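Because the structure is predicted, anything quoted here is derived from the model rather than measured.
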Amino acid sequence: MGDLKKIKKMVMVDICHTQSVNGYDPFEIEEEALGSLYQVDKDTYILAFDTMLKEKKVTTTIKISKNTISVVKIGEVHSRQTFSANEWYASQYFYGGASLVCRNFTKKMDYALTPEGGIIEILYELWSGDTHLGYFNLELFIR
């Protein structure tokens with residue numbers, strides 16, 4: 001990562017994550033975080049920011065490339081997800097020495113980024129085996 005060009009020292013990230021998990025009422029998590037935006041090449045960006053979840057820090061790193069978006073979260077639960085429109089990918093979750101592997105199907109993936117900021121939107125379904133776990137929408141507004 002020594003070749004990364006830091007575009008902007010700090011960016012503000014407005015996060016809106018809507019979850020409609022089967023069997024539960026839908027809920028929305030909205031938060032704001034300071035982060036850093038990096039550009040690897042003309043089609044690839046990396047966004048990193050820290051948030052608090054139940055008074056515990058979660059570090060999120062998002063790699064945005066031409067056809068895929070990868071999200072890695074490090075906290076009490078570590079997770080790694082990859083998204084690409086109309087594609088299936090594994091979602092991995094690690095916690096307390098155990099792990100869980102699910103599948104996600106990306107229904108919609110849009111992003112528009114410039115060195116000044118932009119937007120990322122991912123709408124996906126999460127599955128465990130043949131069990132549909134729910135619908136998720138992640139929107140990030142970077143400014």
Going from [atom1] on [X] to [atom2] on [Y], what distance comes out if it is rounded to the nearest 0.5 angstrom?
X	Y	atom1	atom2	result
L138	Q19	CG	CD	10.0 Å
T60	K73	OG1	NZ	4.5 Å
E31	T51	CD	OG1	4.5 Å
K42	T44	NZ	OG1	9.5 Å
T82	N104	OG1	CG	7.5 Å

Using the side chain to side chain contact (heavy atoms under 4.5 Å, CB included) rule, take F94 and R80 through it: C-alpha gap first, then chi angles, then the decisive distance, then the call.
-> CA-CA 9 Å; F94 308 93; R80 180 175 41 227; 4.0 Å; yes

Quick one: do the [X] and [Y] side chains pair a donor with an acceptor below 3.5 Å?
X	Y	result
T131	S128	no
S84	N67	no
Q81	Y93	yes
E28	H17	no

Indicate yes or no: at least one non-hydrogen side-chain atom of [X] is less than 4.5 angstrom from one of [Y].
X	Y	answer
I120	I142	yes
F141	M12	no
L100	Q92	no
L133	C102	yes
T18	F27	no
L140	I122	no
L123	F136	no
W127	W88	yes

Quick check against the 3.5 Å criterion: does [X] have a side-chain atom that pairs as donor or acceptor with the backbone of [Y]?
X	Y	result
Q39	D41	yes
R103	G129	yes
Y111	S65	yes

Should M52 and I74 be regarded as members of a common hydrophobic cluster, given that ILVMFWY residues are connected when their side-chain heavy atoms come within less than 4.5 Å of each other, either directly or indirectly?
-> no

Closest non-hydrogen atom pair between [X] and [Y], with its separation:
X	Y	value
T114	Y45	CA-OH, 3.9 Å
S36	V11	N-CG2, 4.0 Å
A33	D50	CB-O, 3.4 Å
G35	F49	CA-CB, 3.8 Å
T59	K57	OG1-CE, 3.6 Å
K107	N86	O-OD1, 4.2 Å

Is the centre of the Y89 ring less than 6.0 Å from the centre of the F83 ring?
-> no

Are I15 and I29 close enough, and set up right, to give a side chain to side chain contact (heavy atoms under 4.5 Å, CB included), and what steps lead you there?
-> CA-CA 8 Å; I15 305 150; I29 299 168; over 6 Å; no

Can a salt bridge be assigned to the pair E32 and R143 using a cut-off of 4.0 Å between side-chain N and carboxylate O?
->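 Looking at E32 and R143, the cut-off is met.
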
By salt bridge (charged side-chain N to carboxylate O under 4.0 Å, His left out) - contacts of E121 (at least two apart) | K108

Verify side chain to side chain contact (heavy atoms under 4.5 Å, CB included) between V13 and L47, making sure each step is shown before the conclusion.
-> CA-CA 9 Å; V13 184; L47 174 66; 4.0 Å; yes

Determine whether more than 12 heavy atoms belonging to other residues, nucleotides or ligands lie under 6.0 Å from atom CG of N22.
->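 Yes, CG of N22 has more than 12 neighbouring heavy atoms, counting only those of other groups under 6.0 Å.
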
